[in-house]
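Have a look at the structure below, then the notes.
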Protein chains: 2
Amino acid sequence: MTEDRRPTLTTVAQRAQVSRQTVSNVLNTPEIVRPETRERVLRVIAELDYRPNVAARQLRTRRSSVLGLCVPPAADGISGQVLDRFLHALTEEAQRGGLRIMLFTAPDDEAEIREYENLRATTGVDGFVLANTHPRDPRTAWLAAHGVPFVSFGRPWDRGASSHPWVDIDGREGTRAATRHLLDAGHRRIAFLGWPEGSGVGDDRLAGFLAALDAAGLGPGGVVERCEDGVPEGEAAARRALVRDDVTALVCVSDSVALGAMTAVREADLADPARIVAISGFDDTPVAAAVGLTSVAQPVEDVAARAVALVRAQIHGDPVDTDRQVLIEPRLVVRATSPARH
Amino acid sequence: MTEDRRPTLTTVAQRAQVSRQTVSNVLNTPEIVRPETRERVLRVIAELDYRPNVAARQLRTRRSSVLGLCVPPAADGISGQVLDRFLHALTEEAQRGGLRIMLFTAPDDEAEIREYENLRATTGVDGFVLANTHPRDPRTAWLAAHGVPFVSFGRPWDRGASSHPWVDIDGREGTRAATRHLLDAGHRRIAFLGWPEGSGVGDDRLAGFLAALDAAGLGPGGVVERCEDGVPEGEAAARRALVRDDVTALVCVSDSVALGAMTAVREADLADPARIVAISGFDDTPVAAAVGLTSVAQPVEDVAARAVALVRAQIHGDPVDTDRQVLIEPRLVVRATSPARH
DNA sequence: GTGAAAGCGCTAACAT
DNA sequence: ATGTTAGCGCTTTCAC
């Protein structure tokens with residue numbers, strides 16, 4: 001058990017015959033150091049495998065290069081997957097830019113706010129990423145009021161909510177693309193299986209469906225069945241929609257609902273072999289890929305990249321030249337559940 | 001924008017009329033401080049809302065109270081859910097014990113090892129949790145060789161591998177319970193849908209199946225069909241198993257395989273209404289709950305608790321009185337796909 | 001361009 | 001039981 005400690009700035013300085021400060025400059029402001037000195041110092045750094053101690057740096061600079069992320073107590077079913085993919089992407093993107101992601105949990109919004117305070121005061125976390133904002137969210141208001149850098153994955157859905165930096169995926173455009181795809185495949189009577197009215201995300205997705213119908217001259221309005229998110233719920237909703245004999249395609253608000261719809265459709269297809277009902281889901285979860293479900297994919301990597309850029313700008317106090325609100329286009333992934341009609 | 005900084009030990013000391021050191025003692029070794037002094041200091045701490053600066057503490061104590069966790073580049077399908085649930089549980093458990101989880105990524109094992117070095121040298125991460133160990137894993141060997149505290153969720157599957165602290169779930173016991181459940185339900189000819197031979201986890205689960213058959217006097221051996229993990233793969237494997245008319249139940253190595261099997265079974269049941277084939281999966285993913293699939297649940301909360309305890313013991317240099325290897329019993333969740341035979 | 005001094009907030013070691 | 005001293009490793013400020 002060797003007890004010798006890691007090299008420090010002083011170790012490097014001695015060995016390179018310069019002052020500590022010069023070594024620090026080589027690392028932080030290399031351009032002000034004479035090239036030959038710089039070379040020599042860099043060589044010693046490599047030789048000794050020197051790495052700066054971030055705790056010491058943080059103590060001095062009051063900057064931790066750490067972002068906090070609250071992981072929700074329970075994964076919310078199948079669609080929870082999206083959040084997990086986002087977490088992977090975020091970690092990767094942050095790391096690429098010299099930032100780290102630190103996790104924490106809280107049972108409710110108030111507790112989460114207390115953790116923000118705590119993490120700021122103790123660990124000196126530089127900023128936060130919120131991944132599950134909801135209407136009337138007290139957390140964004142608190143963070144904004146306290147001047148804490150943050151960004152949310154998800155728009156604020158309240159009318160007149162104070163605007164804060166966010167990145168989101170254009171759900172409306174997603175369902176619009178899915179609906180257009182089904183129209184192109186030859187379907188004329190398409191139903192939408194959505195969530196109960198009032199959820200910002202769900203309403204947004206419904207809007208895209210209606211817009212596509214309208215644009216095709218099939219509007220205004222359309223067949224809409226609503227249900228809570230879930231597989232059996234989706235199955236029941238699909239049954240209700242399929243009562244109408246002319247419905248030949250279902251645009252679903254989520255992969256969970258779509259998975260349930262697939263069961264209902266399978267029965268309907270058996271009852272009337274001439275009636276092949278097409279389906280599209282939303283989120284492009286692994287389940288969708290597994291069962292061959294056409295779905296709308298959320299490019300979480302793009303979201304992560306923009307999100308990191310937005311917090312970083314706030315941390316560095318950079319004037320944010322690009323928009324502080326970013327809407328990202330989703331991508332339709334066509335699979336077996338939406339064949340062209342012959 | 002008020003620029004006044006947070007209170008420090010000195011602020012508290014002055015206000016409480018004691019030395020800095022006494023305040024520190026109140027926080028770290030309260031028992032050596034006279035009760036009345038302690039009370040007074042604590043009151044001031046509360047008044048000023050003082051919180052210790054962890055960077056300063058870390059600089060002094062060479063301890064960060066941070067655990068590193070590598071998130072895999074890509075979520076591996078439906079069963080990836082287990083890992084995500086583990087991550088939630090781990091965060092919660094760590095936080096409860098005053099530890100934080102810091103995320104990082106690496107494209108391969110070698111890069112991950114480099115990150116270990118990096119995180120140790122720069123951030124002073126106290127230990128690591130590995131969640132995806134595999135046969136011939138160079139990472140555990142490196143960590144052990146360098147005396148870095150760590151624990152893995154998952155046994156080392158190599159014969160004669162150097163033993164390190166780990167926590168795992170007893171997959172063998174899981175499939176044994178599932179098989180026994182189907183035997184109790186009246187099934188006599190049960191097939192196992194497993195992964196290709198050679199994966200430690202898959203072989204372990206198969207062993208439980210065989211053991212249960214043996215114990216019931218139906219062994220040795222049994223109907224075994226193998227396939228890669230995945231829904232369509234599971235469907236094909238189930239078809240192969242169901243060719244035998246006497247097979248009335250399928251024990252599946254994962255929920256993905258089981259989900260595929262459900263499709264095959266549905267067809268078989270339609271072809272012969274008298275033949276109701278039961279199914280069980282493994283992992284108890286949200287999908288299983290959604291489609292009513294009987295499955296073996298992994299109590300990741302327990303795993304997280306034991307894992308945190310094991311790293312903590314190493315960090316503190318505590319003599320580990322309990323076993324450094326912990327095997328946790330899974331729990332069978334009975335749902336609609338395994339009704340009793342009438 | 002380089003060096004010296006000071007101090008970020010904390011705790012280990014010793015003195016009282 | 002409490003106080004004093006010193007220093008963890010780094011960067012900011014100001015000399016040179």
Requested in this report: Indicate yes or no: does A/E92 engage A/R85 in a salt bridge with an N to O separation below 4.0 Å.
Outcome: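 No, this pair does not count.
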
Query raised in the report: Does A/E93 pair with A/R96 as a salt bridge, N-O distance under 4.0 Å?
Result: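 The answer is yes: the pair qualifies as a salt bridge.
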
Query raised in the report: With distance as the sole test, does A/T29 use its side chain to make a donor-acceptor pair with the main-chain N or O of A/I32 at under 3.5 Å?
Result: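 Not confirmed, A/T29 side chain does not pair with A/I32 backbone.
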
**Report entry** Side-chain N,O (B/N25) to OP1/OP2 (D/dT2) below 4.0 Å
**Finding:**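 Checking D/dT2 against B/N25, no side-chain N or O comes under 4.0 Å of OP1 or OP2.
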
Query raised in the report: Just checking, any donor-acceptor pair under 3.5 angstrom between side chains of B/H88 and A/T105?
Result: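 No pair is found: no donor N or O on one side chain lies under 3.5 Å from an acceptor on the other.
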
**Report entry** Protein-nucleotide distance (B/I32, atom CD1; C/dA12, atom P), rounded to Å
**Finding:**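 That distance rounds to 11 Å.
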
Query raised in the report: Are A/L27 and A/Y50 close enough that some pair of their side-chain heavy atoms sits under 4.5 Å apart?
Result: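 Yes, side chains in contact.
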
Query raised in the report: With a 4.5 Å limit on heavy-atom distance, are the side chains of B/F86 and B/V303 in contact?
Result: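 Yes; the side chains approach each other to less than 4.5 Å.
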
Requested in this report: Just do the side-chain contact (heavy atoms from CB on, under 4.5 Å) check on B/F153 and B/T133 with the steps written out, would you?
Outcome: CA-CA 7 Å; B/F153 175 7; B/T133 51; over 6 Å; no

Report task. Under 4.0 Å between any heavy atoms, over every strand shown, what does A/T37 touch: base, sugar-phosphate, or nothing? Just pick one. Result ->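 Since only primed, P, OP1 and OP2 atoms lie under 4.0 Å of A/T37, the category is sugar-phosphate.
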
Query raised in the report: With sugar-phosphate meaning primed atoms plus P, OP1 and OP2, does A/V18 contact a base, only sugar-phosphate, or nothing at under 4.0 Å between heavy atoms?
Result: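 Since only primed, P, OP1 and OP2 atoms lie under 4.0 Å of A/V18, the category is sugar-phosphate.
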
Query raised in the report: Parallel, tilted or perpendicular: which fits the ring planes of B/W142 and B/Y116, with parallel below 30° and perpendicular above 60°?
Result: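 Rings of B/W142 and B/Y116: tilted, as their planes differ by 30° to 60°.
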
Query raised in the report: If we fit an axis to the first five pairs and another to the last five of the helix from C/dG1-D/dC16 to C/dT16-D/dA1, what angle do they make, to the nearest 10°?
Result: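 End-to-end axis angle for the helix from C/dG1-D/dC16 to C/dT16-D/dA1: 40°, rounded to 10°.
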
Report task. With DNA chain D as reference, determine whether B/S19 or A/Q21 sits nearer its 5' end, using the nearest nucleotide of each. Result ->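 With B/S19 and A/Q21 compared, the 5'-side residue is B/S19.
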
N/O to N/O distances under 3.5 Å, protein versus nucleotides 7-9 of chain D:
residue, atom, partner, partner atom, Å
D/dG7, N2, B/R60, NE, 3.4
D/dG7, N2, B/R60, NH1, 3.0
D/dC8, O3', B/R62, NH2, 2.8
D/dG9, OP1, B/R62, NH2, 2.7
D/dG9, N2, A/A56, O, 3.4

